[in-house]
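Just below is one structure, and these are the notes that go with it.
All of these numbers come straight from a predicted model, not from anything done at the bench. Side chains are part of it too, since the values below use all heavy atoms of this structure and drop only hydrogens, waters and symmetry mates.
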Amino acid sequence: MKIYKESLNAMLGIVRQYTQQTTDMEIERRVYDIIENVRTNGDAALREYSEQFDGVKLDDFKVDQSIIDEAWDNLPEDLKHALLVAKKNITEFHSREIEQGFVDMDTPGITRGQKVTPLARVGLYVPGGTAAYPSTIMMTALPAKIAGVKEIIMVTPPQKDGINPAVLGAAKLAGVDAVYQVGGAQGVAALAYGTEQIPKVDKIVGPGNIYVATAKRQVFGQVDIDMIAGPSEIGIIADDSANPVHLAADLLSQAEHDPRARAIMVTNSEKLAQLVSDEVERQLSQLPRESIARPAIENNSYIAVMDSVEDMFTVMNEVAPEHLEIQLPDPMEYMSMVENAGSVFLGRYASEPLGDYVGGTNHVLPTSGTAKFSSPLGVYDFVKRISFTQFSRERLQEVAKDITTLARTEGLEAHARAIEVRFED
């Protein structure tokens with residue numbers, strides 16, 4: 001891995017160079033055409049793309065419930081146990097995120113408040129392709145169920161040998177109402193606009209490749225989305241008390257996701273930096289997914305050696321990583337220094353994959369620096385807030401002049417008259 005030993009300002013500049021994002025206009029155009037085709041031609045377009053992109057001919061996209069039930073029944077017992085543990089921990093954590101509405105009646109004659117209402121129908125996008133992700137179903141469906149979403153629709157790319165049973169089994173366990181074999185930008189379009197077979201949803205959540213991410217961005221406004229997910233990333237803050245073997249393994253846990261993934265470590269020890277760099281190379285050569293992880297390590301990843309703990313956190317807050325590990329003594333003491341991160345893992349035994357699967361916190365997280373202004377997926381993403389107001393005649397009269405003054409300042413005479421008409425004889 002590249003090792004940088006720079007001043008704080010110089011290192012911050014390097015971080016920004018790594019995180020700059022560009023728009024591929026060719027992909028934007030191709031995705032736009034796919035969305036328009038699905039919007040116009042519905043299921044016919046989906047059949048066309050399933051054959052073209054997935055090599056699968058389909059008449060019906062919906063997976064029969066009996067197949068889903070059978071998939072769960074036939075899962076290996078150790079996988080069932082793991083999914084049940086994940087469900088328990090995810091449910092416990094996210095149940096604490098439930099929001100309550102409120103009513104403010106402190107002033108006589110004035111009632112104000114907020115009503116929290118779950119979304120009616122949500123669409124989950126679950127990636128297929130090089131790996132199966134039952135954990136993503138648990139992370140997206142369970143918070144929606146806790147929020148009270150009435151219907152959860154899932155799309156996932158069709159496979160020539162059928163959808164992975166672990167994916168179908170997780171869908172049953174998490175309470176997904178219907179599963180459709182549609183992937184890519186066309187799957188996002190189907191959820192956003194609806195087709196003859198697939199119902200339109202109110203919000204689309206879940207990760208995907210660059211075509212899925214681009215499609216989500218393009219349909220936003222027609223439906224809500226969770227976020228534009230970029231490649232996976234991990235940041236580690238460590239000193240020489242940390243184990244370089246552990247650190248290298250954790251860095252590679254994200255590098256194996258995608259050739260564009262980022263693995264970044266910040267330390268105050270030049271010795272540790274070199275040990276970790278050497279250990280990454282040793283472990284990388286043994287990885288089954290080396291062909292994916294190696295370009296991620298060689299092109300997008302680095303170790304920064306800084307002079308102080310304060311500078312280490314300053315650099316990592318500029319990175320704003322999706323996952324942040326703090327491998328320092330008494331790591332909880334440093335949480336006050338964390339400003340930008342999707343999810344934080346404290347100490348040597350909170351390895352990042354804990355959060356991917358059974359820790360309970362969500363693994364759908366802001367990437368590409370967006371943790372500076374975004375949050376992990378949660379129950380709050382599946383509700384909307386409706387405010388309400390009631391004023392008595394006397395209370396409205398008290399503020400009528402203020403309203404009409406502001407309205408006329410903004411050139412909105414009808415606004416002012418709508419207040420004044422209520423006090424005319």
Pairs meeting criterion salt bridge (charged side-chain N to carboxylate O under 4.0 Å, His left out) with involvement of [range], two or more places apart:
range	answer
residues 223-241	K203-D224, K216-D226, E233-R262
residues 109-118	D104-R112
residues 324-339	none

Ignoring hydrogens, what is the shortest heavy-atom contact between [X] and [Y]? Give both atom names and the distance.
X	Y	result
P244	L275	CB-CB, 4.0 Å
A371	G342	CB-N, 3.8 Å
T156	P127	OG1-O, 3.9 Å
D250	S351	OD1-OG, 2.9 Å
A261	A255	CB-CA, 4.1 Å
L324	P321	CB-CG, 3.9 Å

Using a 3.5 Å cut-off and no angle test, enumerate the donor-acceptor pairs between side-chain atoms of residues 404-411 and protein atoms at least two apart in sequence or in another chain.
{"from": "T404", "atom 1": "OG1", "to": "A400", "atom 2": "O", "distance (Å)": "3.2"}
{"from": "T404", "atom 1": "OG1", "to": "K401", "atom 2": "O", "distance (Å)": "3.1"}
{"from": "T405", "atom 1": "OG1", "to": "K401", "atom 2": "O", "distance (Å)": "2.8"}
{"from": "R408", "atom 1": "NE", "to": "E413", "atom 2": "OE1", "distance (Å)": "2.9"}
{"from": "R408", "atom 1": "NE", "to": "E413", "atom 2": "OE2", "distance (Å)": "3.4"}
{"from": "R408", "atom 1": "NH1", "to": "E420", "atom 2": "OE2", "distance (Å)": "2.9"}
{"from": "R408", "atom 1": "NH2", "to": "E413", "atom 2": "OE2", "distance (Å)": "2.9"}
{"from": "R408", "atom 1": "NH2", "to": "E420", "atom 2": "OE1", "distance (Å)": "2.9"}
{"from": "R408", "atom 1": "NH2", "to": "E420", "atom 2": "OE2", "distance (Å)": "3.3"}
{"from": "T409", "atom 1": "OG1", "to": "T405", "atom 2": "O", "distance (Å)": "2.7"}

At what distance, to the nearest 0.5 angstrom, does [atom1] of [X] lie from [atom2] of [Y]?
X	Y	atom1	atom2	answer
H246	L251	NE2	CG	13.0 Å
S343	N362	OG	CG	8.5 Å
H94	N89	NE2	CG	11.5 Å

For atom [atom1] of [X], decide whether the heavy atoms of other residues, nucleotides or ligands shown that lie under 6.0 angstrom number more than 12.
X	atom1	result
K150	NZ	yes
K384	NZ	no
R385	CZ	yes

Less than 4.5 Å apart, side chain to side chain, heavy atoms only: is that true for [X] and [Y]?
X	Y	answer
I198	L46	yes
I35	V38	no
R30	E26	yes
D381	P143	no

Identify, with sequence neighbours excluded, every residue that meets side chain to side chain donor-acceptor pair (under 3.5 Å) alongside T195.
-> D43

Who passes side chain to side chain donor-acceptor pair (under 3.5 Å) against Q283, sequence neighbours left out?
-> E279

Passes salt bridge (Lys or Arg N to Asp or Glu O under 4.0 Å), R217 versus E28? Steps please.
-> CA-CA 10 Å; R217 183 170 58 247; E28 293 283 340; 2.3 Å; yes

Could you list the donor-acceptor pairs under 3.5 angstrom formed between side-chain atoms of residues 166-190 and any protein atom two or more places apart in sequence or on another chain?
{"from": "K172", "atom 1": "NZ", "to": "D69", "atom 2": "OD1", "distance (Å)": "3.0"}
{"from": "D177", "atom 1": "OD2", "to": "I152", "atom 2": "N", "distance (Å)": "2.8"}
{"from": "Y180", "atom 1": "OH", "to": "Q197", "atom 2": "O", "distance (Å)": "3.4"}
{"from": "Q186", "atom 1": "NE2", "to": "G183", "atom 2": "O", "distance (Å)": "3.0"}

Whether [X] side chain and [Y] backbone form a donor-acceptor pair below 3.5 Å:
X	Y	answer
S374	T370	yes
S50	V56	no
D202	R121	yes

Considering only residues two or more places apart or on different chains, which pairs with a residue in [range] satisfy ring-ring contact (aromatic ring centres under 6.0 Å, His included)?
range	value
residues 287-340	Y4-Y302, Y18-Y302, F313-Y334
residues 336-389	none
residues 198-218	none

Check salt bridge (Lys or Arg N to Asp or Glu O under 4.0 Å) between E270 and all other residues, then give those that pass, not counting sequence neighbours.
-> none

Mind checking what makes salt bridge (Lys or Arg N to Asp or Glu O under 4.0 Å) contact with E77, not counting sequence neighbours?
-> K80

Let me know which of I14, I237, V15 forms a side-chain contact (heavy atoms from CB on, under 4.5 Å) with V315.
-> V15

